[in-house]
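Down below is the structure, laid out as structure tokens.
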Amino acid sequence: MTVKLYGFGTPNMTKVLLTASQAGITYEYIHLNPAAGEIKTPEHLACHPLGKIPTLEEDDFNLYESTAICRYLANVSDTDLYGGDLRRMALIDQWTDFMTHHVGKWIGVYFFQEVVQKRFFEKDIDLAAMEEAIGFLKEQLPVIEKQLAENQYLCGDGITIADTIAFCFFNIHEVTEFEFNNYPNITRWYDLIKSSPAYEQAFSHLDGGMIIH
Ligand SMILES: N[C@@H](CCC(=O)N[C@@H](CS)C(=O)NCC(=O)O)C(=O)O
């Protein structure tokens, strides 16, 4: 069985590439060019009803939604990326949701405004949206900082998909003005994941990182 992962360089794409690499899964990355309409073809719409990415294909099995794909990849692997007892799994879900619906949502504003709107569509940045994001991040980043001051990873000693998903939001700083260098424990955790062979493998598929092309 070969897992095929379809998409282009965005935080949601990197979540699944990095999870697949950490899970030790053999996969093929298939780049789709949004500007060329490659995500709205009948073939891709058959995999994702809204023509979005990332998507997974494994024989006759299709999956979309990046977190669902990360959970699946972790579950079919021999790793503890999404494992342990019910409480550990609940905490992985908690940190995944906290990142997705709070911290990551606001870091994502940098990606949307600076990469999608400005670079890809050549539109002006919405300064009010940026201000709002900065305000929420001032309140929310200390929560991650405290958790990582007390634990090596978000859920304790072992890396989980919550870290991978969180990392891919923090990785937005590489292509935007978003910064977190005044948070030493987030920086320590980020550098640890970035120096891993899995990061090297996952990001080698993306020419220039999370830049849409
Ligand atoms: N909640 C979905 C979001 C999917 C999504 O919005 N994908 C974006 C890129 S990250 C996309 O395909 N945008 C192109 C479009 O909507 O045409 C996930 O986590 O996978």
Side-chain angles (χ1 to χ4, degrees), residues 3-23 25 27-58 61-76 81-82 92-123 125-126 129-130 133 154 160-176 178 199 202-203 205-213:
V3 168
K4 293 182 180 169
L5 300 172
Y6 292 83
F8 53 91
T10 72
N12 288 325
M13 187 74 235
T14 55
K15 287 176 203 172
V16 307
L17 289 172
L18 187 51
T19 301
S21 294
Q22 287 165 336
I25 285 171
Y27 65 91
E28 192 183 333
Y29 169 62
I30 294 126
H31 175 260
L32 299 177
N33 181 349
E38 289 176 4
I39 57 172
K40 307 295 178 193
T41 60
E43 293 77 25
H44 190 66
L45 284 163
C47 297
H48 193 304
L50 301 178
K52 292 183 182 289
I53 62 96
T55 57
L56 172 149
E57 184 189 291
E58 186 186 30
F61 177 62
N62 284 303
L63 195 60
Y64 54 88
E65 283 298 332
S66 57
T67 301
I69 297 174
C70 291
R71 288 192 182 113
Y72 175 72
L73 292 169
N75 280 337
V76 296
L81 288 167
Y82 187 52
I92 298 171
D93 287 340
Q94 172 197 278
W95 285 107
T96 296
D97 287 354
F98 187 76
M99 276 310 304
T100 306
H101 303 303
H102 299 291
V103 183
K105 169 182 165 177
W106 298 114
I107 303 175
V109 172
Y110 281 84
F111 187 80
F112 185 72
Q113 293 298 332
E114 293 187 34
V115 179
V116 180
Q117 292 289 78
K118 192 170 163 204
R119 286 183 221 165
F120 189 72
F121 287 119
E122 297 180 348
K123 288 188 180 161
I125 286 179
D126 179 343
M130 292 300 295
L154 287 171
T160 69
I161 59 166
D163 296 287
T164 306
I165 287 165
F167 175 88
C168 292
F169 284 115
F170 280 94
N171 186 256
I172 288 172
H173 97 98
E174 311 246 352
V175 292
T176 68
F178 171 61
Y199 172 90
F203 279 71
H205 297 293
L206 304 173
D207 185 20
M210 289 198 288
I211 299 169
I212 299 174
H213 57 83

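Along the sequence shown, residues are numbered consecutively beginning with 1. In this text the structure is predicted, and so the values were computed from the model without any measurement. One-based numbering, in listed order, for ligands and for the atoms of each.
When heavy-atom distances to ligand 1 are checked against a 4.0 Å cut-off, Ile69 has no atom that comes that close, whether in backbone or side chain. Proximity of Ile53 to ligand 1, defined as any heavy-atom pair under 4.0 Å, is shared by backbone and side chain alike.
Side-chain contact check for Tyr6 versus Glu57: some heavy-atom pair is nearer than 4.5 Å. Residues Phe203 and Ser21 are not in side-chain contact: their nearest non-hydrogen atoms beyond the backbone lie 4.5 Å or more apart. The side-chain heavy atoms of Glu114 and Val175, taken from C-beta on, include no pair separated by under 4.5 Å. Between Lys15 and Phe167 the shortest side-chain heavy-atom distance does not fall below 4.5 Å.
Looking from atom 1 (N) of ligand 1 to the surrounding protein, the closest heavy atom is Glu65 OE1, 2.7 Å. Of all protein heavy atoms, the one closest to atom 6 (O) of ligand 1 is Lys52 CD, 3.6 Å. Of the protein's non-hydrogen atoms, the one nearest atom 19 (O) of ligand 1 is Ser66 OG, 2.6 Å. The protein heavy atom nearest to atom 17 (O) of ligand 1 is Lys40 NZ, 3.0 Å. The nearest protein atom to atom 3 (C) of ligand 1, hydrogens excluded, is given as Asn12 ND2, 3.6 Å; this is a heavy-atom distance. Here the protein heavy atom with the shortest distance to atom 14 (C) of ligand 1 is Ile39 CD1, 3.6 Å.
The main-chain N or O of Lys52 is found under 3.5 Å from a side-chain atom of His44 such that the two form a donor-acceptor pair. Judged purely by atom type and a 3.5 angstrom limit, Asn33 has no side-chain atom pairing as donor or acceptor with the backbone of Glu38. Under the 3.5 Å distance criterion, the side-chain polar atoms of Gln117 are left unmatched by any main-chain donor or acceptor of Ile125.
At a 4.0 Å cut-off, not a single heavy atom of His48 sits close enough to ligand 1 to count as contact. Under a 4.0 Å heavy-atom criterion, Pro54 is in contact with ligand 1.
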